[in-house]
Amino acid sequence: ELPWGFYSTIQGDKENLLVHGCKDGPGNNGCNVPQIRRAKWDSPNKKGEVVIEGPPDTKLVLNRRATAGFAVKWDEKDDTGTVYAYKPSDKTWTEINNGATSGLEIEPVGVTKDGKTGYLKSERKQGPDVVEAYDFATGQRTVTYTDPHSDPYGGVYSLDSAELLGAQYE
């Protein structure tokens, strides 16, 4: 039976698993800093080693090993989002889009199993939205999926839902 907060198994490790966690962040917001922790199968509710920790008040979109990914913070006042990318080499978060400033929304849609590439559904000032590949090592974004007449409305994923294979269009 999987414990509450289950995130993923760890390949080759039969004693540990990854679980969702959080910690109290700045201000008086309570448990608002998202984390993925390594925990023992027999005691998953005990706080284990932090594998990755996001910026305050964000939702994480990570690969299964929790070694790379994005964090999203939605501003409910103006319905915009701020997206951060995690750079595994120095374990830092970098803001890659602030919808309130850019006027454009970006939404993370997946991260490859190896954690080298992430995918973003990116709004354009003109024309349909696109899906971009994001290189976590360099920060470079490359259009991967596009249609001249339609916005992507969903992804096509591998059978285990862990890998983005393509995009669905209207």
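Keep in mind that what you see is a predicted model, and the values were worked out from it rather than measured.
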Q35/R37 under side chain to side chain donor-acceptor pair (under 3.5 Å): CA gap, chis, key distance, verdict: CA-CA 6 Å; Q35 299 175 327; R37 295 176 164 274; 2.9 Å; yes

Side chain proximity check, P88 to T67, heavy atoms < 4.5 angstrom: no

Partner residues of E170 under the side chain to side chain contact (heavy atoms under 4.5 Å, CB included) criterion, sequence neighbours left out: S150, Y153

Rounded distance (nearest 0.5 Å) linking atom OG1 of T82 with atom CG of N97: 7.5 Å

T112 side-chain N/O to T117 backbone N/O, donor-acceptor pair under 3.5 Å: yes

R65: salt bridge (charged side-chain N to carboxylate O under 4.0 Å, His left out) partners, not counting sequence neighbours: none

Transitive ILVMFWY side-chain link L120 to Y145, under 4.5 Å: no

Side chain to side chain contact (heavy atoms under 4.5 Å, CB included) between E15 and D13, intermediate numbers included: CA-CA 6 Å; E15 294 182 20; D13 186 342; 3.8 Å; yes

Heavy-atom pair of closest approach, residues I106 and S122: CG1-OG, 4.0 Å

Nearest-0.5 Å distance that lies between atom OH in Y84 and atom OG1 in T92: 13.0 Å

Minimum-distance pair of heavy atoms, taken over all atoms of P152 and K121: O-CE, 3.1 Å

Heavy-atom pair with the smallest gap, counting every atom of I10 and R38: CD1-NH1, 3.3 Å

Main-chain N/O of G99 paired with T80 side-chain donor or acceptor, under 3.5 Å: no

Crowding at CG, L165 (>12 non-hydrogen neighbours, <6.0 Å): yes

Side chains of R124 and L104 in contact at under 4.5 Å (non-hydrogen atoms): no

Main-chain N/O of K113 paired with N63 side-chain donor or acceptor, under 3.5 Å: yes

Full working for side chain to side chain contact (heavy atoms under 4.5 Å, CB included) between N32 and D57: CA-CA 5 Å; N32 69 330; D57 302 315; 2.9 Å; yes

Distance (rounded to the nearest 0.5 Å) between I52 CD1 and Y7 OH: 8.5 Å

Common cluster, V83/W93, ILVMFWY with side-chain heavy-atom separation under 4.5 Å: no

K87 side chain to T94 backbone, donor-acceptor under 3.5 Å: no

Residues K23 and E53 bridged, charged N to O under 4.0 Å: yes

Whether D151 side chain and D129 backbone form a donor-acceptor pair below 3.5 Å: yes

Heavy-atom donor-acceptor pair, E105 side chain to G81 backbone, under 3.5 Å: yes

ILVMFWY cluster, V61 and Y86 together (side-chain gap under 4.5 Å): no

Exam field: side chain Y169 to backbone T146, donor-acceptor pair closer than 3.5 Å: yes

Heavy-atom closest pair, residues P128 and D147: CG-O, 3.3 Å

Point-to-point distance, once rounded to the nearest 0.5 Å, from CG of L17 to CZ of F6: 6.0 Å

Short side-chain to backbone donor-acceptor contact, W74 and T58, under 3.5 Å: no

Minimum-distance pair of heavy atoms, taken over all atoms of G54 and V33: O-CG1, 3.3 Å

Nearest-0.5 Å distance, CG of residue L18 to NE2 of residue H20: 9.5 Å

In residues 133-140, what donor-acceptor pairs under 3.5 Å come from side-chain atoms, sequence neighbours left out?
unit_1, atom_1, unit_2, atom_2, d
D135, OD1, A137, N, 2.8
D135, OD1, T138, N, 3.1
T138, OG1, Q140, N, 3.1

NZ on K73 to CD on E95, rounded to 0.5 Å: 10.0 Å

Any donor-acceptor pair under 3.5 Å from W41 side chain to N16 backbone: yes

Shortest non-hydrogen contact from A39 toward V19: CB-CG2, 4.0 Å

